[in-house]
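First the structure, in the form of structure tokens, and then the observations on it.
Residue numbers start at 1 and run along the sequence shown.
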Amino acid sequence: MEKEFFAAIISFLVIAAISCDSQSKSDAVKQATDIQKMVKERSPGYIATNAEFYMKAKINGKDWSADEMMASDRAGRIVGKLNGESISLPFELRYAKTGATTNFKNHAVDIYMKDDVGIWGGRMGEMEFTKVGDNYAEGKFYVTATGLDSDKQLTITEGTFRIPLTGE
């Protein structure tokens with residue numbers, strides 16, 4: 001169901017982009033803002049980051065901090081987003097225990113960046129839950145990723161997160 005929804009949204013965005021050629025720039029900006037608002041309202045589980053829930057890292061040495069995130073056992077991911085970029089870590093609620101680690105060799109990290117590569121797959125590195133409470137989990141991670149159609153590498157270090165545990 002979620003996949004069909006996002007496929008429909010993407011199709012709508014493509015059609016909207018094509019039709020924007022005939023609209024004034026301000027109309028196009030308003031339409032894009034309305035679409036983003038609708039997608040955000042219909043994307044369950046995403047929350048704005050704050051002092052309590054966050055995802056931060058250094059990507060190739062540069063600070064990166066998500067402005068919204070989701071932790072979903074149903075989707076099997078912890079996702080941090082910032083301006084169209086995202087880091088998506090593997091997640092299963094039953095393994096959220098202090099000290100538990102996940103090796104990315106068998107559970108890849110999906111990374112989307114606004115760069116010349118775009119889609120990165122991280123299979124070298126790991127994630128560790130450093131503290132788990134009744135309604136939250138904290139952890140750290142590092143990963144080295146390669147480009148989907150490239151031999152370039154992207155390195156994420158000093159990754160940290162704090163997520164709500166909702167059991168979804």
Find the distance between [atom1] ([X]) and [atom2] ([Y]) and round it off to the nearest 0.5 Å.
{"X": "Met70", "Y": "Phe91", "atom1": "CE", "atom2": "CZ", "result": "10.5 Å"}
{"X": "Met55", "Y": "Met69", "atom1": "CE", "atom2": "CE", "result": "5.0 Å"}
{"X": "Ile163", "Y": "Leu93", "atom1": "CD1", "atom2": "CG", "result": "8.0 Å"}
{"X": "Ser65", "Y": "Lys58", "atom1": "OG", "atom2": "NZ", "result": "11.5 Å"}

Review point. Would you say the side chain of Ile59 lies within less than 4.5 Å of the side chain of Met113, judging by non-hydrogen atoms?
Key: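 With C-beta onward as the side chain, the pair touches.
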Can you name the side chain to side chain donor-acceptor pair (under 3.5 Å) partners of [X], sequence neighbours left out?
{"X": "Lys131", "value": "none"}
{"X": "Asn83", "value": "none"}
{"X": "Glu92", "value": "Arg94"}

Review point. Taking only residues at least two apart or on different chains, which pairs with a member in residues 53-83 satisfy ring-ring contact (aromatic ring centres under 6.0 Å, His included)?
Key: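 Those involving residues 53-83 do not exist here.
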Can you name the nearest heavy-atom pair linking [X] to [Y], along with the distance?
{"X": "Met127", "Y": "Phe104", "answer": "CB-CZ, 3.5 Å"}
{"X": "Val79", "Y": "Ser88", "answer": "CG2-OG, 3.7 Å"}
{"X": "Gly122", "Y": "Val143", "answer": "CA-CG2, 3.6 Å"}
{"X": "Ala108", "Y": "Pro90", "answer": "O-CD, 3.9 Å"}
{"X": "Ala75", "Y": "Ser72", "answer": "N-OG, 3.0 Å"}

Return a table of donor-acceptor pairs under 3.5 angstrom between the side chains of residues 153-162 and protein atoms on other chains or two or more places apart.
from, atom 1, to, atom 2, distance (Å)
Arg162, NE, Glu138, OE2, 2.8
Arg162, NH1, Glu52, O, 3.1

Exercise for review: For Phe141, enumerate each residue passing the ring pair (Phe, Tyr, Trp, His ring centres under 6.0 Å) test, keeping only those at least two apart in sequence or located in another chain.
Suggested key: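 By the ring pair (Phe, Tyr, Trp, His ring centres under 6.0 Å) rule, Phe141 matches no residue at all.
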**Study point:** Hphob cluster co-occupancy, Val109 + Met124, side-chain heavy atoms under 4.5 angstrom
**Key:**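 Val109 does not cluster with Met124.
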**Study point:** side-chain hydrogen bond (donor to acceptor under 3.5 Å, both in side chains) contacts touching residues 139-151 (sequence neighbours left out)
**Key:**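 Qualifying pairs, neighbours excluded: none.
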Point to revise | Listed once per pair and sorted, the side-chain hydrogen bond (donor to acceptor under 3.5 Å, both in side chains) pairs that draw on residues 103-125, sequence neighbours left out | key: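 As it turns out, the side-chain hydrogen bond (donor to acceptor under 3.5 Å, both in side chains) pairs with a partner in residues 103-125, which skip direct neighbours, are Arg77-Asp110, Asp115-Trp120, Asp116-Lys152.
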Check your understanding: Is the shortest side-chain N to carboxylate O distance from Asp63 to Lys56 below 4.0 Å?
Key ->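 Salt bridge: no.
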Exercise for review: For Thr98, enumerate each residue passing the side chain to side chain contact (heavy atoms under 4.5 Å, CB included) test, keeping only those at least two apart in sequence or located in another chain.
Suggested key: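 Expected list: Val132.
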